[in-house]
Amino acid sequence: NGQADEYPGMQAGDGMFEVEITKDKIFKRKGAYLYINKDISLYEALSGIKFDLVHLDGRSVQISTQAGKILGNGETMCVEDLGMPFFGRSYKYGNMFVVFSVIFPESLTKSQIATIRECLHAKAQGTDRYDCL
C-alpha cells in the first residue's frame with residue numbers, strides 16, 4: 001500500500017503484480033511438497049537406480065536407492081528437503097516424492113526365462129541367497 005514509485009506532486013500509489021503459474025512437465029506441486037514420476041526398467045527395479053535430476057532452481061541432484069532395495073511398481077521414495085519452501089518460513093523446505101513406474105518387458109526368450117528361474121528358484125527352496133547374482 002503506497003509503495004509504488006512517486007511522481008512529483010503526486011501521492012505514491014500501489015504496486016500491482018500479476019503472477020502466472022505454469023505447469024511443469026516433470027514436477028507437480030502440492031503445497032511445499034514436490035512430486036515426480038519416474039519410469040524404470042524391471043532390471044533397475046531389482047538392482048537399484050541412480051539418476052540425475054535438474055531441480056526447479058537449476059541445480060543437478062542425484063537420486064539413488066539404497067543397495068539391495070527392490071522397488072515395486074507405484075512405490076514412492078521420499079527425498080527430504082528437496083521440495084518448495086514453506087510459506088512464511090523460506091528457510092525450511094518440504095520433501096520431494098519420486099513415484100516409480102516399473103516398465104516390464106513385453107516378452108522373454110527361453111534363455112532369459114531359464115536364467116530367471118535358476119536365480120529365483122534358490123529363494124523358493126528356502127535359501128537366503130540368489131546363486132546367479
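Remember, predicted model here, so these are calculated numbers, not experimental data.
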Could you measure the distance from the [atom1] atom of [X] to the [atom2] atom of [Y]? Nearest 0.5 Å is fine.
{"X": "Ile36", "Y": "Met96", "atom1": "CD1", "atom2": "CE", "result": "5.0 Å"}
{"X": "Ile116", "Y": "Leu108", "atom1": "CD1", "atom2": "CG", "result": "5.0 Å"}
{"X": "Leu71", "Y": "Ile40", "atom1": "CG", "atom2": "CD1", "result": "4.5 Å"}
{"X": "Leu53", "Y": "Ser60", "atom1": "CG", "atom2": "OG", "result": "7.5 Å"}

Could you tell me whether a side-chain N or O of Arg89 sits under 3.5 Å from a main-chain N or O of Tyr91, the two making a donor and an acceptor?
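It does not hold such a pair.
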
For Gly48, is there any backbone N or O sitting under 3.5 Å from a side-chain donor or acceptor partner on Thr65?
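Side chain of Thr65 to backbone of Gly48: no pair is present.
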
Linking I/L/V/M/F/W/Y whenever their side-chain heavy atoms sit closer than 4.5 Å, directly or via other members, would [X] and [Y] fall into one cluster?
{"X": "Phe51", "Y": "Ile26", "value": "yes"}
{"X": "Val98", "Y": "Ile70", "value": "yes"}
{"X": "Phe100", "Y": "Leu46", "value": "yes"}

Counting heavy atoms not belonging to Gln62, are there more than 12 under 6.0 Å from its CD?
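Count over threshold, so yes.
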
Lys92 meets the salt bridge (charged side-chain N to carboxylate O under 4.0 Å, His left out) criterion, sequence neighbours left out, with none

Partner residues of [X] under the side chain to side chain contact (heavy atoms under 4.5 Å, CB included) criterion, sequence neighbours left out:
{"X": "Ser41", "answer": "Tyr43, Glu44"}
{"X": "Val61", "answer": "His55, Arg59, Ile63, Leu82"}
{"X": "Phe104", "answer": "Leu42, Val102"}
{"X": "Ser101", "answer": "Asp39, Asn73"}

Just grab all the salt bridge (charged side-chain N to carboxylate O under 4.0 Å, His left out) pairs involving residues 64-86, residues at least two apart or on different chains.
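Output for this query lists Lys69-Glu75.
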
Quick one: which residue pairs count as a salt bridge (charged side-chain N to carboxylate O under 4.0 Å, His left out) with a foot in residues 45-55, not counting sequence neighbours?
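Passing the test, one end in residues 45-55: no pairs.
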
Tell me who clusters with Tyr35, hydrophobic residues only, linked when side chains sit under 4.5 Å apart either directly or through other members.
Tyr33, Phe86, Phe97

Do you know the tightest heavy-atom contact between Pro85 and Ala32?
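So the two residues come closest at O-CB, 4.1 Å.
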
Apply side chain to side chain donor-acceptor pair (under 3.5 Å) to Thr109 and list each qualifying residue two or more places apart in sequence or on a separate chain.
Gln112

Does any pair with a residue in residues 58-79 pass ring pair (Phe, Tyr, Trp, His ring centres under 6.0 Å), and if so which ones, sequence neighbours excluded?
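Those involving residues 58-79 do not exist here.
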
With a 4.5 Å cut-off on side-chain heavy atoms, are Asp24 and Arg29 touching?
no

